[in-house]
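Beneath this line is the structure, given in structure tokens, with notes to follow.
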Amino acid sequence: MAANEVRTASGAGMMRALEAHARRPLFDDPLAGRFLSGWPAVVVRNRALRHVFLRLLERSGPGFYGAVVCRTRAIDDACREALATGITQVVILGAGMDTRPYRLAEMATAQVWELDLPAVQEAKKAAVRRRLGRLPSSVRYVPIDLAARLPDGAAEIHPQPALLLCEAVTMYLPPDAVEAVFAYAGTLPEASRFVVTYMPRSVAEDPRHATWARRLRWRAAYDPDELARHLAGHGLRVVADLGAEDYQKRFLRPAGRSLAVFPGERVAVAVR
């Protein structure tokens with residue numbers, strides 16, 4: 001299982017690295033490619049291989065690439081907006097190969113906690129040391145299995161507002177573990193922000209996606225109104241909820257990009 005999680009984290013990082021070679025990239029992530037190793041690094045560095053890989057990816061999973069790069073842009077924007085309010089504490093659940101603590105200037109002065117499975121964290125720390133020379137003092141790595149343990153107390157949050165990120169995690173957890181994540185978000189100080197991606201129930205239950213549901217082991221899904229009610233039960237108010245149509249309107253069309261976006265993951269932003 002740990003090996004699968006490492007591959008999943010590297011796969012998302014590979015897509016972000018590929019976006020750096022797009023004609024009009026949606027975001028600037030110079031570290032995603034540098035954090036890769038093995039065949040993903042080879043593919044990203046080679047123009048012909050990038051072209052072939054993206055064609056094969058689009059054929060096997062239409063819109064998956066577009067969904068990853070668009071959610072990355074949406075979360076980058078949400079992070080910048082939250083940090084502009086003066087937030088100086090960031091907790092990243094299921095951090096994987098997330099490069100935001102190392103590339104976003106707005107996060108440079110924040111204290112960051114990255115929570116993930118031990119094997120994923122070891123791969124991440126090896127990549128950080130390999131490319132940055134050392135682990136930054138502003139980032140603390142907390143090994144945790146979110147499917148088995150509540151995140152309460154894992155990050156030593158001070159009594160000031162914090163930013164909590166949970167990207168590409170909830171759909172792979174059992175519903176009770178997702179509820180524990182929501183409950184943890186509800187314990188953060190007032191004016192904290194919670195940025196979370198989730199699987200729409202309409203997509204998860206669509207028979208056309210049954211093969212992907214089995215292959216990717218989707219476990220939890222919510223309608224937008226349903227998610228808002230769950231979060232409201234923990235004192236969180238949804239202020240934004242973006243999906244594939246929003247990505248096309250906000251990011252892709254203004255950039256002149258023609259890119260399919262799989263509707264299987266939305267980005268919600270809630271305020272404590």
Quick one: closest heavy-atom pair of Ala12 and Val68, and the distance? O-CG1, 4.2 Å
With heavy-atom distances below 4.5 Å as the criterion, would you say the side chains of Arg219 and Pro174 are in contact? yes
pair Lys124-Phe35: side-chain heavy atoms closer than 4.5 Å: yes
Please check if atom CZ in Arg130 has more than 12 non-hydrogen atoms from other residues, nucleotides or ligands closer than 6.0 Å. yes
For the CZ atom of Arg253 and the CD atom of Gln248, what is their distance to the nearest 0.5 Å? 5.5 Å
Heavy-atom nearest pair, Leu146 first then Gly94, reads CD1-N, 4.0 Å
Closer than 4.0 angstrom, basic N to acidic O: yes or no for Arg229 and Asp225? no
Report yes if some heavy atom in the side chain of Phe194 is under 4.5 Å from a heavy atom in the side chain of Leu188; otherwise report no. no
Rounded to the nearest 0.5 Å, what separates atom CG in Leu252 from atom CG in Leu26? 5.5 Å
Quick check: closest heavy atoms across Pro161 and Ser192, and the distance to 0.1 Å? CA-OG, 3.5 Å
Tell me every residue that passes side chain to side chain contact (heavy atoms under 4.5 Å, CB included) with Lys125, counting only those two or more places apart in sequence or in another chain. Glu122, Arg129, Leu135, Tyr141
Just to verify, which of Asp98, Asp29, Asp28 counts as forming a salt bridge (charged side-chain N to carboxylate O under 4.0 Å, His left out) with Arg103? Asp29
How close do Ser202 and Asp223 get, heavy atom to heavy atom, and via which atoms? N-OD1, 4.0 Å
Would you say the side chain of Met199 lies within less than 4.5 Å of the side chain of Thr170, judging by non-hydrogen atoms? no
How long is the gap from CH2 on Trp218 to CD on Glu205, to the nearest 0.5 Å? 11.5 Å
Is there side-chain contact between Cys166 and Tyr198, with at least one heavy-atom pair below 4.5 Å? no
Go through the steps to decide whether Met97 and Arg16 satisfy the test side-chain contact (heavy atoms from CB on, under 4.5 Å), and finish with yes or no. CA-CA 10 Å; Met97 290 295 172; Arg16 292 193 293 268; 4.1 Å; yes
Minimum heavy-atom separation for Pro224 and Arg266, please, with both atom names. CG-NE, 4.0 Å
Would you say the side-chain atoms of Tyr222 pair up with the backbone N or O of Ala228, donor to acceptor, closer than 3.5 Å? no
His51 atom NE2, neighbour heavy-atom count above 12 within 6.0 Å: no
Determine the minimum heavy-atom distance between Arg71 and Ala168, stating which atoms define it. NH2-CB, 3.5 Å
Hey, does Val52 have a side-chain heavy atom less than 4.5 Å from the side chain of Val43? no
Side-chain contact test, heavy atoms from C-beta onward, threshold under 4.5 Å: evaluate it for Thr197 versus Met171 and give yes or no. yes
When you check the gap from the basic side-chain N to the acidic O, do Arg100 and Asp76 get nearer than 4.0 Å? yes
Contact check, side chains of Glu114 and Val139, non-hydrogen atoms, under 4.5 Å: yes
CG on Leu36 to CG on Leu18, rounded to 0.5 Å: 8.5 Å
CZ of Arg45 to CZ of Arg50: how many Å apart, nearest 0.5 Å? 11.0 Å
What's the verdict on side-chain contact (heavy atoms from CB on, under 4.5 Å) for Met14 and Phe53, showing C-alpha distance, side-chain angles and the deciding distance? CA-CA 11 Å; Met14 184 181 181; Phe53 179 84; 3.7 Å; yes
More than 12 heavy atoms of other residues, nucleotides or ligands under 6.0 Å from CZ of Arg24: is that the case? yes
Listed partners of Phe262 passing ring-ring contact (aromatic ring centres under 6.0 Å, His included), at least two apart: Phe64, His209
Look up atom CZ in Arg193 and atom CG in Leu163, then write down how far apart they are to the nearest 0.5 Å. 8.5 Å
Taking atom CZ of Arg250 as the centre, report whether more than 12 heavy atoms of other residues, nucleotides or ligands fall under 6.0 Å from it. no
